[in-house]
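The next block holds one structure in the form of structure tokens; read it before the comments.
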Amino acid sequence: MEMIETGEATAILPAGNHHSPVKVFGTEAIRATFDELCLQQAINSRTAPGVTQVVLNPDAHCGYGAPIGCVLASPTHVYPGPVGYDIKCSMSLLQTDLPADAVSTREIRRELIHAICRRIPTGMGKGARDVPKSRKVDEKLGAAAMCEGASSDVLAKLGIPTSWAERCEDAFHRGHDDSVDSLRQRLYELRQGRVFNKFRERVQQLGSYGGGNHFGECEVVDVVDQPEARATAEVFGLRDGHVAFLSHCGSRGIGHRLATGQFRALEAKFDQWGIPYPGNDKQLVHAPLGTPEADAYLDDMALGANFATVNHLLINQLVLEAFQEVIPGTQGTLVYFISHNIARQEIVDNRPTWVHRKGATRAFPAGHHALRQTPFADTGHPILLPGNPQAGSSVMVASEGARESCYSVNHGAGRMLGRRRAIKELDQKTVDDSFTDADILTNCRRYPKDEAPAAYKDFDEVLRSVEKAGLATEVARLRARFVIKDASDADD
DNA sequence: ATGTCC
């Protein structure tokens, strides 16, 4: 499969006579990292029923059905695969009023790590938090979070500032008919079935990090030293030289359960009806809008997405409380919460369209109609891109050119080595020493090798691709001071 | 990513 270069950081991938090509964003060095299967997945997605546009971002690599790092737009169909198993996997950023000096000693950072880990568990199946009984998530509150998302009621019950809802890309997701009641009804039905048991344990994962590439990271904010970036940073609420906290997490077991149920149900329908899978790939099952199957998927996606939203907001509140325990009087406020695994209804080419972002981040620039009622109408909203602890992470803002990429950018650096290969080829001591040398503390006795910076693409080259393609510009770089990660695989 | 096989 040949990509045809169209600019310094843009190319197209032909998808056949009847289809517009896949739009590819990335410098030549980055495009060389795309393997054949990743490109095949992009073509399968582009030629699938009802799909009008596919975009491939610089962090693209093989995913389930569609590449991770792609956008799939359809005005007529929904695709569970191009949303993925971790429904509404997202980034959030908390800005504190602490100067960088406040976390300069290793002792303080160790205390912060402990205070955070006590409140926020990581990894598989874990959800019981060290919090007062009055704030324990019961089935009723869990169900409310799933149906209402970040409603004032849910936030108040969890002790989260209700104003943080304004800092969410989407504070809530409604059901297929735009109602909350359809979600309540759907959740009731799901809880009747055996596929959705152990509900109490599942909802107790509210306020927990997952495993794998999920993390919490204490940062120092370096605002880009240019007038425009400084002005944008001020609107975002970023404070140069101050401590911030970046989180990457999703909808935990709840979203996984919902996604798995949908894949199975839709596969059964396809097999029953003898419908071919696009590119012969079961992970590209889909449903035409307006069918009971599409309605059920949209409802389940919304239930998972709402859980992810409340999970992130609770994590941010718990992180703030951990800081306040160690450094009394710390103030903090949410900069933004934005997803990279979600389908949203947006206007594309004057048509309401379901834009599926799979490992891709929404990028609306200044003046975009959908930002009119938000604090970011005149700047564009914050784009939160995790890089790696050593290269840093980035806060960006979309440029006008983002229209070309379906108003999307990448969602991070993108994996370079597969997990298995990283574990086999990287040296544990080299990985651990690289953190010590950079004076970055972690909660892990041994940092998971498959999550080492060396397992990911060169973040600066990825950012260069985004800027050169005219999609977005950097507002601030985030420098890691300590990292919270699930280390179950690293212990021996 | 994930009650890593209901």
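Quick note: numbers below take in every heavy atom, side chains included, and nothing from hydrogens, waters or symmetry partners. Predicted model only: the values in this text are computed from it and were never measured. Lettering of chains follows the sequences in order, A, B, ..., and the numbering in each one begins at 1.
Here A:Gly253 lies in heavy-atom contact (under 4.0 Å) with sugar-phosphate atoms only. Contacts of A:Arg252 with the nucleic acid, taken as non-hydrogen atoms under 4.0 Å apart, involve only primed sugar atoms and P, OP1 or OP2. Using a 4.0 Å heavy-atom distance criterion, A:Gly211 is classed as a sugar-phosphate-only contact. Heavy atoms of A:Asn197 sit under 4.0 angstrom from at least one base atom.
At least one test fails for A:Arg167 against the ring of A:Tyr336: distance under 6.0 Å to the centre or angle within 45° of the axis.
In this structure, A:His286 has its ring center under 6.0 Å from that of A:Phe270.
One atom, CZ of A:Phe196, and another, C1' of B:dG3, lie 12 Å apart when rounded to the nearest Å. If you take OH of A:Tyr64 and P of B:dT2, they are 14 Å apart, rounded to a whole angstrom. One atom, CD1 of A:Ile423, and another, P of B:dT4, lie 18 Å apart when rounded to the nearest Å. Atom-to-atom, CD1 of A:Ile254 to P of B:dG3 comes out at 9 Å; the value is rounded to the nearest Å. If you measure from atom CG of A:Asp450 to atom P of B:dT4, you get 18 Å, rounded to the nearest angstrom. One atom, NE2 of A:His256, and another, P of B:dT4, lie 8 Å apart when rounded to the nearest Å. Rounded to whole Å, atom P of B:dG3 lies 10 Å from atom CZ of A:Phe307. Between the CG atom of A:Asn311 and the P atom of B:dT2 there is a distance of 10 Å, given to the nearest Å.
Applying the ring pair (Phe, Tyr, Trp, His ring centres under 6.0 Å) criterion to A:Phe263, with sequence neighbours excluded, gives A:Tyr85. For A:Lys358, there are no salt bridge (Lys or Arg N to Asp or Glu O under 4.0 Å) partners, not counting sequence neighbours.
For the pair A:Arg419 and A:Arg264, both in contact range of DNA chain B, the more 5′-proximal nearest nucleotide belongs to A:Arg419.
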task: Check the pair A:Arg357 / A:Glu346 against salt bridge (charged side-chain N to carboxylate O under 4.0 Å, His left out), numbers first and verdict last.
output: CA-CA 12 Å; A:Arg357 293 192 177 90; A:Glu346 296 173 7; 2.8 Å; yes
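In terms of phosphate contacts, A:Arg257 brings no side-chain nitrogen or oxygen within less than 4.0 Å of OP1 or OP2 of B:dG3. In this model, the phosphate group of B:dT2 is not approached by any side-chain N or O of A:Gln205 to a distance below 4.0 Å at OP1 or OP2.
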